[in-house]
Number of protein chains: 2
Amino acid sequence: MQADNPTRAEKLATAIADGILDGTLKPGLRLDELGLARQHGVSRTPVREALRQLMQSGLIDMRPRKGAVVSKATPLQVESLFVAMAEMEATCARLAAMSMTPIERRRLQARHDAMTALAAAGDPDAYSDANVAFHSAIYAGAHNAPIAEFALGLRRRVGPFRRAQFQVEGRLLRSNQEHDAVVRAILSGDAAGAHAAMLHHVSLVEDAFETFAATNAA
Amino acid sequence: MQADNPTRAEKLATAIADGILDGTLKPGLRLDELGLARQHGVSRTPVREALRQLMQSGLIDMRPRKGAVVSKATPLQVESLFVAMAEMEATCARLAAMSMTPIERRRLQARHDAMTALAAAGDPDAYSDANVAFHSAIYAGAHNAPIAEFALGLRRRVGPFRRAQFQVEGRLLRSNQEHDAVVRAILSGDAAGAHAAMLHHVSLVEDAFETFAATNAA
DNA sequence: TGGGCATCGATTGTATGCAATGTCGGCAGG
DNA sequence: CCTGCCGACATTGCATACAATCGATGCCCA
């Protein structure tokens, strides 16, 4: 029981969050404190603290004496999440265009070039990983911790709803083209252009989700 | 000990948050769990839960075994907060221009007209209150819960740094003029214009803070 | 005299126990 | 048969007790 610098409550928080985000813990499921405690081999105390943390991040809902349930996102709420993420991405791009250092700009360009190659090679998995890093780089380039954290949290929360986005035929190349517009605007310091290009890019992701959802609703 | 529907942890969280925001608990101050518990007449458990909640909202910093301290905002971090708030206000204005219902638009217009009267009358206190409501109305008009909540949280956090903004001579009238531009853009559905106008407006608040800070740093 | 180290105190992390409250099932009355 | 009340149960909120870790103080030795 040594070398657990991350506290039990922290580990529980991430474990439960992972469970929610990867679909193991389904929306609406009641999170019983004692059950979770036994399941993870700890007492209720760290469970309670983990739950409180998750509540703040919006992954679960807790009402004073009614326990905790996995947030059940209505389609409207999911829509809000996508809109919010699009806006935050666009905002980060705007700020990045104004704030990125020359080194960050060069690295962004390098990332983008690498992704262009991946898109041409047609490797969805590698592209997807690189895509996450690409967007994270823009968050970081905004040089604004509060916004970057919020954007990261949003991305985590919308994650479950856009799993297969790069499976769609031709999405890779289009995504890369859109990235190109974003990168050019950022590198040239065009704040408004970066905002618009990123908004366009992420809104298309949202459209892809809606198409996907509509298809699966049949 | 009845009728405490808000749980003790919740009440503690708000109490401590108020203490931080109104300056009673100064940045850098160590928050001793046992001390807080005794001070509020409860045990450590609800204190811990309250602290965890405050950590998530950014008001305090906690490190695994090193306790909690009131977040000490460096000037750079304060700057980040102001930038973030400006961006979120602008984003809300953008979304509001696209999403507000006719009723909301009429109410916004009414609010603005009332504030114009207050500005003309030169009543800083009443204007300040109305100003909060005005901006909140725009948050709500964005019709996006995640963004609105984030914006509200940011406004709370920057609050302590912009107390006397309307004390500056002539600020009232200028503020009202800027609001006018924002309102016109929103009412006409000009998303980009609303974004720009709000960004301009809030950035001026930031400038006022910097002037204030620079003056007081002497 | 200065540095390394052991031990102590303080404080946090975790576990468990108790009291209070919400929930579910059964029962009486209409 | 349905509706409303009542009591037992389950679960949460809180308090207290125990364990583990960090920091500091003082001592010993070079």
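Here is the naming used below: chain letters follow the sequence lines, and residue numbers restart at 1 for every chain.
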Please list, pair by pair, any protein nitrogen or oxygen found under 3.5 Å from a nitrogen or oxygen in nucleotides 5-9 of chain D.
none

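- Dashed line: the shortest gap from a side-chain N or O of K66(A) to OP1 or OP2 of dT21(C) is not under 4.0 Å.
- Across every non-hydrogen atom of E104(B) and S99(B), the tightest pair is OE1-O, 4.3 Å.
- Here A68(A) pairs with L31(A), L51(A), I60(A), M62(A) under the side-chain contact (heavy atoms from CB on, under 4.5 Å) rule; sequence neighbours left out.
- Taking atom CZ of residue R38(B) and atom P of nucleotide dT16(D), one finds them 12 Å apart after rounding to whole Å.
- Side-chain contact check for T91(A) versus N144(A): every heavy-atom pair is 4.5 Å or farther apart.
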Test side chain to side chain contact (heavy atoms under 4.5 Å, CB included) on R155(A) and S136(A); report intermediate values, then the result. CA-CA 10 Å; R155(A) 193 172 63 189; S136(A) 294; 2.8 Å; yes
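- For dT12(D), neither phosphate oxygen OP1 nor OP2 lies less than 4.0 angstrom from any side-chain nitrogen or oxygen of T7(B).
- Remark: R52(B) engages E10(A), E49(A) in a salt bridge (Lys or Arg N to Asp or Glu O under 4.0 Å) (not counting sequence neighbours).
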After noting the C-alpha distance and the side-chain angles of V70(B) and K26(B), does the key distance pass the side chain to side chain contact (heavy atoms under 4.5 Å, CB included) rule? CA-CA 7 Å; V70(B) 178; K26(B) 293 177 185 173; over 6 Å; no
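- Under the 4.5 Å side-chain criterion, counting only non-hydrogen atoms from C-beta, T7(B) is not in contact with P46(B).
- For the pair E10(B) CD and dG13(D) C1', the interatomic distance rounds to 12 Å; values are reported in whole Å.
- Two residues are said to be in side-chain contact when any heavy atoms from C-beta on lie closer than 4.5 Å; S71(B) and D61(B) meet this criterion.
- When the P atom of dT12(C) is taken as reference, atom CZ of R8(A) falls 18 Å away, rounded to whole Å.
- Under the 3.5 Å distance criterion, with hydrogens and angles disregarded, a donor-acceptor pair is assigned to the side chains of H135(B) and E89(B).
- Remark: R30(B), L31(B), D32(B), E33(B) in residues 27-37 of chain B come within less than 4.0 Å of DNA chain C through at least one heavy atom.
- Of the residues in residues 40-49 of chain A, those lying under 4.0 Å from DNA chain C by heavy-atom distance are V42(A), S43(A), R44(A), T45(A), P46(A).
- Using cut-offs of 30° and 60° on the angle between ring planes, the pair H179(A) and Y127(A) is parallel.
- Partners of R44(B) under the salt bridge (Lys or Arg N to Asp or Glu O under 4.0 Å) rule, at least two apart in sequence or in another chain, are E33(B).
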